[in-house]
Amino acid sequence: MKQALALPAALLLAALSAEAAEKPNIILIYADDLGYGDVGCYGATAVKTPHVDRLATEGLRLTGGYSAAATCTPSRYALMTGEYAFRKKGTGILPGDAAMILPTGRATLPSILRKAGYATGIVGKWHLGLGAGGALIDWNGEIKPGPREAGFAESFIMAATGDRTPCVYIDGGKIAGLSPSDPIAVSYGKPFPGEPTGVSERDRLKMDWSHGHNNAVVNGIGRIGFSRGGKSALWKDEDMADTFTRKGVGFIERHREHPFFLYFATHDIHVPRVPHARFVGTTTMGPRGDAIVQFDACVGELLATLDRLELAANTLVILTSDNGPVLDDGYKDDAVRKLGGHRPAGPLRGGKSSIWEGGTRVPFVVRWPARVKPGVSDAIVSQVDLCSTLAALCGQTLAPDDAPDSINVLPALLGDSPEGREHVLEHAGKVAIRKGPWKFIPGAEKGGKPASTKPAEKGGDALYDLSKDAAETTNLAGQHPEVAEQLSKELEHLRERGRSRD
Ligand code: NG6
Ligand code: CA
């Protein structure tokens with residue numbers, strides 16, 4: 001170090017940034033159901049998120065960052081494969097015993113980085129299916145294919161969601177803490193005779209359900225799907241965030257000497273929202289607000305680890321969410337009653353499952369102190385772009401059929417360019433297109449079949465000018481038929497072409 005200090009400062013800086021620019025560590029913090037307006041740096045005041053805000057202050061905060069879909073599985077499918085999920089059947093919200101839906105043998109985000117020499121690991125929510133599905137999953141033996149076959153050298157996951165069985169952690173393909181004398185069984189068909197359910201136990205539940213979530217009872221909470229046995233392996237919801245954080249920190253510590261990619265996919269702030277006791281009551285919003293504080297604390301732990309290991313400068317941290325916000329998602333946890341003035345989607349309309357901006361426009365923050373200049377950017381980027389973008393960052397070339405919808409938006413993510421992608425598709429049952437300020441939602445799906453009108457406007461096409469009308473209140477399709485027509489054609493073209501990139 002003494003010698004280095006003797007170098008002229010400019011030379012030293014150049015040497016450092018050249019090295020830094022080569023292969024940063026990458027941490028992708030992927031929240032669940034965290035809305036555009038749920039964190040301080042995007043306008044929340046009723047909940048404090050100092051750690052997320054710190055990331056934004058020290059990095060680039062994007063106002064046009066999108067998840068590829070408005071629910072979890074299709075979003076994650078697109079994130080991992082660089083392909084919009086609407087192109088592939090069977091990518092809707094999966095049950096906990098679904099077969100793995102990621103293609104093995106094709107590039108995935110982790111396989112791209114692994115090829116580039118990265119130590120790859122996933123901690124947290126998977127929700128992309130495991131093994132051959134159903135009765136073919138060997139829950140008491142080795143569970144594969146899964147994240148490891150998709151390119152993660154290390155994995156510590158939950159199979160699907162916090163509200164779906166099996167309620168266990170899977171560590172490197174095996175259920176953690178399972179005792180051979182008490183094997184686990186999982187069913188998404190028939191209940192197990194004699195096992196308590198959310199109906200039979202309703203009066204004794206820790207948190208009542210409002211719809212669904214009344215099959216198996218685990219940790220006093222009703223779930224979707226049945227399970228029996230495996231008692232020693234069942235998670236405690238209250239400890240989940242700490243468990244994942246400990247695993248994430250351990251991964252960083254183990255790989256501190258090498259470039260690493262950590263996909264840290266939290267359960268927060270998905271239902272059931274059961275934060276640890278130390279977060280209960282930290283907001284006036286009940287469990288949903290407290291879960292945001294817990295999420296922020298996990299972010300804080302990861303950032304503190306980078307600081308402690310002196311890895312912060314050369315670690316690219318990307319923080320985003322798999323889809324927009326939801327209040328009542330099946331449990332009576334007071335999310336609606338205690339909302340107060342908080343706006344989970346900020347100024348945007350809609351939320352989780354919806355085709356409106358609130359469904360897919362999410363917090364999107366990028367920090368890399370050695371390379372990214374702090375600021376705010378309106379560039380449009382989608383999570384489907386991370387395959388191409390991170391490939392470009394590490395000098396990897398994609399095969400023509402890999403990641404077909406993934407555009408290299410590296411200049412936008414690094415803050416070098418105010419331009420991201422030209423257009424982005426938003427998927428919530430139907431598919432909408434945003435191009436520049438314009439957002440077009442088709443009223444009818446391909447082939448003239450009437451589209452599901454649930455999340456969108458009833459009848460006819462919808463066109464909004466997001467630069468003046470972020471909340472999508474005024475349908476301009478009648479006023480600007482030529483714009484609507486043009487976007488409709490582009491959307492159709494992108495669907496038919498089967499890919500977005502050249
Ligand atoms: C829905 C669940 C909801 C949530 C969602 C998946 C009911 C009534 N609703 O089917 O609670 O689990 O699926 O969320 O069961 S996601 O973020 O993983 O897509
Ligand atoms: Ca989600």
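Atoms within a ligand are numbered from 1 in the order they appear, just like the ligands themselves. Worth knowing before you read on, the calculation uses all heavy atoms, side chains too, and leaves out hydrogens, waters and symmetry mates. For the single chain, residues carry numbers from 1 onward in sequence order.
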A.B. asks: Is it true that, when you exclude Lys236 itself, more than 12 heavy atoms of the residues, nucleotides or ligands shown sit nearer than 6.0 Å to its NZ?
C.D. replies: no
A.B. asks: Please identify which atoms of ligand 1 are closer than 4.0 Å to at least one heavy atom of Thr161.
C.D. replies: 18 (O)
A.B. asks: Looking at side-chain heavy atoms only, is the closest gap between Leu316 and Arg367 below 4.5 Å?
C.D. replies: no
A.B. asks: Could you please spell out the steps behind the salt bridge (Lys or Arg N to Asp or Glu O under 4.0 Å) verdict for Glu426 and Lys439?
C.D. replies: CA-CA 10 Å; Glu426 301 174 39; Lys439 161 94 172 269; 3.1 Å; yes
A.B. asks: For ligand 1, which atoms have a heavy atom of Asp163 less than 4.0 angstrom away?
C.D. replies: 3 (C), 4 (C), 11 (O), 12 (O)
A.B. asks: Show which atoms of ligand 1 fall inside a sub-4.0 Å distance from at least one heavy-atom site of His127.
C.D. replies: 18 (O)
A.B. asks: Is it true that Phe244 and Tyr169 have ring centroids separated by less than 6.0 Å?
C.D. replies: yes
A.B. asks: Kindly indicate, with the supporting measurements, whether the criterion side-chain contact (heavy atoms from CB on, under 4.5 Å) is fulfilled by Met240 and Thr243.
C.D. replies: CA-CA 5 Å; Met240 187 178 282; Thr243 302; 5.6 Å; no
A.B. asks: Is there any N or O on Thr71 that sits under 3.5 Å from an N or O of ligand 1?
C.D. replies: no
A.B. asks: Applying the side-chain hydrogen bond (donor to acceptor under 3.5 Å, both in side chains) test to Lys352, which of Asp33, Thr360, Asp322 qualifies?
C.D. replies: Asp33
A.B. asks: Can you tell me which residue among Lys125, Arg273, Gln294 is in a side-chain hydrogen bond (donor to acceptor under 3.5 Å, both in side chains) with Asp268?
C.D. replies: Gln294
A.B. asks: Only heavy atoms of Cys72, strictly under 4.0 Å: list the atoms of ligand 1 that pass.
C.D. replies: 16 (S), 17 (O), 18 (O), 19 (O)
A.B. asks: Quick check: do Phe364 and Ser321 have side-chain heavy atoms less than 4.5 Å from each other?
C.D. replies: no
A.B. asks: How large, to 10°, is the angle at the Ca ion (ligand 2) when you draw lines to OD1 on Asp322 and to OD1 on Asp33?
C.D. replies: 100°
A.B. asks: May I ask you to list the atoms of ligand 1 that are less than 4.0 angstrom from any heavy atom of His211?
C.D. replies: 8 (C)
A.B. asks: Starting from atom 15 (O) of ligand 1, locate the nearest protein heavy atom and write down its residue, its atom name and how far away it is, to 0.1 Å.
C.D. replies: Ile224 CD1, 3.3 Å
A.B. asks: Please list the nearest protein heavy atom to atom 13 (O) of ligand 1 with its residue and the distance rounded to 0.1 Å.
C.D. replies: Arg164 NH2, 3.0 Å
A.B. asks: What I want to know is whether Asp329 and ligand 1 share at least one N or O pair that is separated by under 3.5 angstrom.
C.D. replies: yes
A.B. asks: Tell me if the aromatic rings of His427 and Tyr84 count as close, with their centers under 6.0 Å from one another.
C.D. replies: no
A.B. asks: Which atoms from ligand 1 have a heavy atom of Asn323 less than 4.0 Å away?
C.D. replies: 17 (O)
A.B. asks: Taking heavy atoms and a distance under 4.0 Å, where does Lys125 meet ligand 1: side chain, backbone, both or neither?
C.D. replies: side chain
A.B. asks: Hey, are Asp378 and Thr63 close enough side-chain-wise for a donor-acceptor pair under 3.5 Å?
C.D. replies: yes
A.B. asks: Please calculate the OD1(Asn323)-the Ca ion (ligand 2)-OD1(Asp32) angle and round it to 10 degrees.
C.D. replies: 150°
A.B. asks: I'd like to check which ligand 1 atoms, numbered from 1 as shown, lie under 4.0 Å from a non-hydrogen atom of Ile93.
C.D. replies: 6 (C), 13 (O), 19 (O)
A.B. asks: Nearest to atom 9 (N) of ligand 1 by heavy atom, His267, His213, His270, Lys352: which?
C.D. replies: His213
A.B. asks: Closer than 4.0 Å to some heavy atom of Asp32 - which atoms of ligand 1 meet that?
C.D. replies: 17 (O)
A.B. asks: Please state whether the rings of His211 and His213 are parallel, tilted or perpendicular, taking 30° and 60° as the class boundaries.
C.D. replies: tilted
A.B. asks: Do any of the N, O or S atoms of Thr71 sit under 3.0 Å from the Ca ion (ligand 2)?
C.D. replies: no
